[in-house]
Amino acid sequence: MPADPGAVTVRETLTAVITETIHALIAGGQLPLAEPPAVHVERPRDPSHGDWSTNAALVSAKAAGMVPRDIAELIAAGLRQRLAGVAEAVEIAGPGFINVRLARDVVTDVVTRIREDGERFGAGEPTGRRVQVEFVSANPVGPMHVGHGRWAALGDSIARILEHAGDQVQREFYVNDAGVQMDIFASSVSARYLELCGRDVEFPEDGYRGAYIADIAQEILDAEGDRWADMPATEREAHFKEQAYTAVLEHLKRVLHGMGVDFDVWFSERTLHERGNDGATAIERGLGRLREAGYLYEHEGALWFRSTDFGDDKDRVLKKADGSYTYFAADIAYHADKYDRGFDLVIDIWGADHHGYVKRMEAAVAALGHPGKLEVIIGQLVNLFSNGEVVRMSKRTGEMVTFEDLLDEVGADAARYFFLRRSTDQPVDFDIALAKERSADNPVYYVQYAHARICSILRKAAGADTADESVDVAAISASIAADSSALALLGAEPGTPASEAELGLLRKLAGFPEVVALAARQRAPHKLTTYAEELASAFHQFYTHCHVVVEDPALRSARLALADASRVVLARALGLLGVGAPQRM
RNA sequence: GCCCUCUUAGCUCAGGGGAUAGAGCGUCUGCCUCCGGAGCAGAAGGUCGUAGGUUCGAAUCCUACAGAGGGCGCCA
């Protein structure tokens, strides 16, 4: 077994070695089993149980007809032999767990690896898989609400995590620029425009009443004067629709960019309604595929998709009796287009209010010949609190805190961090006052503070002003040389607070790759906020118990290297969340 | 009525079938001549919604029930 502390590979290697050991015991007639069971290898929660633990003996007990601890003795003896030089101890504990304690040079080697790998630490090999993540996709008729902000943070972070795991990821925003909401939007702007021109108009009953509508109308008035007031309504509204639409789209792009979210593709729904060279629209072509596959039928003048063939509750209408298409029909064409573009996996992030739509969309994707290649993530909503009161998020009333307001109020880092801190299927109760607070109550500052503190130490070690941001931390990092004999000083006196703090930090650092791998597999950025807080905590403990900039050059370089490795991993974890890692606060 | 999600400490929430269920906040007690106290150490606080089941082992998987939220249109 190579002395490679990378968590993922250690687990895999250890699993293989254990399985080999059991194989040998079976071949030698010591274990009455047909074949080795599937064993789990995990990091014990309690550090006194060692670095790794396996349930191999427990899962073998029944089939072998033996007492778990007797089997554990056999396996442990084999492991001691096979892991000589890598494992310091192999022990049996509890009902029959086998605990492996790694040799200390294997443990400390993670520092060297992190500092060599830098940002690549914990990254997966390229998978060759092409993944599309579609998210936000807010209607371009007004500002984003805070729920959109959460989904923006979520989609972007998932994209970053998947990229780190080795996938090729594209971020896409679907622009619903073809529906009746666009007409309502246009007539709303038109009404405000006429008001501004002093005309007596009745505001559309279902119109958008937000103040931004009047702002857009004012912009048009400023730029083009009141010449549209006497034009036919249809002509005026057609013109205003494009003006207002462009303004809102630019606004959306600006706000998203301001929080570090940039899309690769803005896909316009309108293109699905345009006729191509074959004289057909994308919607017609998409439906044509379903027809050829035999999933469409006519009933009461409408065209239906037999989605029940794929587990949906009922069949769905694609073309209404009046000849117009449903929104679902456009969505089918849109998804057909995604797969035509060659994605191996499409991830859609929708708000919780759309979850009833998942089955039919999955059914459509399967009917198009891509079963299992769509994954819909349902993002729960955000409850915004202000002075203990729930703030409403209605576009109609116009009384709402927009996502842009929230960003201005708390900043992009705090907003993203708070959105990502909860698991996706849990609603977020967003407390504006807490997110603004620059105190220990605020977890994002706790983590960022640890990073800034490390940068300060590095500057101190280099003899620079600890708060001077112009000092190049990367250069200082590169100047720190800690060979394996120096690193051996870390955790050299087990049982002392200093060594325990060092070992705790080393253990936490070593766990990063598997946390990222898990976050990628589960599309769960919140695993990284939890990890970042644990790593920051481990670092603060280390800092409290271990003076870094000490006289002894070997110990000093070892602790500096450990602090530096912590800096690298903290920055990486925050980076995958899209949150900044400031060098000074 | 049917479907989805949720229910873990006073509050907000983590928890990949494993060992004594964790963190932050809040409450209580300590730690600054010393690298950033935006920090650290400790105490108290739990029938993991209820009842069954599967398993050597269940907060975790299955079923039923209770409670909370959301979704169920030839709307978008």
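Proteins come first, then strands; the chains are lettered A, B, ... in the order of their sequence lines, and each starts at number 1.
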Can you tell me, in whole Å, how much space there is between the [atom1] of [N] and that of [M]?
N	M	atom1	value
B:rG16	B:rA59	P	13 Å
B:rG49	B:rC35	C1'	50 Å
B:rC13	B:rA19	P	25 Å
B:rC34	B:rG15	C1'	38 Å
B:rC4	B:rA43	P	44 Å
B:rU60	B:rU7	P	11 Å
B:rG30	B:rG22	C1'	23 Å
B:rA14	B:rC74	P	36 Å

Which part of the nucleic acid does [X] contact within heavy-atom distance under 4.0 Å: base, sugar-phosphate only, or nothing?
X	value
A:A450	nothing
A:A563	nothing
A:V358	nothing
A:A352	sugar-phosphate
A:C455	nothing
A:R459	nothing
A:H299	base
A:V549	base

Face-to-face contact A:H547 to B:rC35 six-ring, under 5.5 Å, under 30°: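 Given the distance and angle limits, yes, they stack.
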Per-pair stack call A:Y357 and B:rG71, 5.5 Å, 30°: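 So A:Y357 does not count as stacking on the base.
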Nearest-Å distance for atom pair [atom1]/[atom2], residues [X] and [N]:
X	N	atom1	atom2	answer
A:E551	B:rC34	CD	P	17 Å
A:K359	B:rC2	NZ	P	14 Å
A:Y325	B:rA76	OH	P	14 Å
A:F542	B:rC35	CZ	C1'	11 Å
A:W52	B:rA19	CH2	P	17 Å
A:H273	B:rA76	NE2	P	10 Å
A:Q448	B:rA38	CD	P	15 Å
A:D431	B:rG24	CG	C1'	14 Å

Would you say [Y] and [X] are linked by a side-chain donor-acceptor pair, where the criterion is simply a distance under 3.5 Å?
X	Y	result
A:H335	A:D348	yes
A:S537	A:Q541	yes
A:D309	A:Y295	no
A:N176	A:Q181	no

NZ/A:K241: more than 12 non-hydrogen atoms of other groups inside 6.0 Å: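 Check passes, neighbour count above 12.
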Syn/anti label of B:rC32 as read from its glycosidic torsion, with the cut at 90° from 0: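 Syn conformation here, the glycosidic angle of B:rC32 being no more than 90° from 0.
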Can you check whether [X] has a side-chain N or O nearer than 4.0 Å to OP1 or OP2 of [N]?
X	N	value
A:K314	B:rC74	yes
A:Y531	B:rG15	no
A:T326	B:rC74	no

For [N], give its Watson-Crick or G-U wobble partner with both distances under 3.5 Å, or none.
N	value
B:rA59	none
B:rA64	B:rU50
B:rC31	B:rG39
B:rG10	B:rC25
B:rG1	B:rC72

Can you find a donor-acceptor N/O pair under 3.5 angstrom joining the side chain of [X] to the base of [N]?
X	N	value
A:N55	B:rG18	yes
A:N99	B:rA19	yes
A:H355	B:rG71	no

Aromatic centroids of A:H540 and A:Y446 separated by under 6.0 Å: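 That pair passes the under 6.0 Å test.
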Residue whose closest nucleotide on RNA chain B lies nearer the 5' end, A:Q380 versus A:T544: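 Closest to the 5' end, via its nearest nucleotide, is A:Q380.
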Closest-nucleotide ordering on RNA chain B, the 5'-leading residue of A:H545 and A:I98: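 The residue mapped nearer the 5' terminus is A:I98.
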Side chain of A:V548 (C-beta onward), nearest among B:rC40, B:rC35, B:rC56: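 The closest nucleotide is B:rC35.
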Proximity to the side chain of A:H49 - top-ranked nucleotide from B:rA19, B:rG36, B:rA76: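 Looking only at heavy atoms from C-beta outward on A:H49, the closest nucleotide is B:rA19.
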Quick check: do [X] and [Y] have side-chain heavy atoms less than 4.5 Å from each other?
X	Y	result
A:M182	A:V141	yes
A:E514	A:L518	no
A:E269	A:V175	no

Shortest non-hydrogen contact between A:I347 and A:R523, atoms and distance: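 Heavy atoms of A:I347 and A:R523 come nearest at CD1-NE, 3.9 Å.
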Stepwise salt bridge (charged side-chain N to carboxylate O under 4.0 Å, His left out) test for A:K359 and A:D313: CA-CA 8 Å; A:K359 269 188 188 169; A:D313 302 330; 3.6 Å; yes
Base-contact (B) and sugar-phosphate-only (S) positions in nucleotides 9-14 of chain B, heavy-atom cut-off under 4.0 Å, - elsewhere: ---SSS
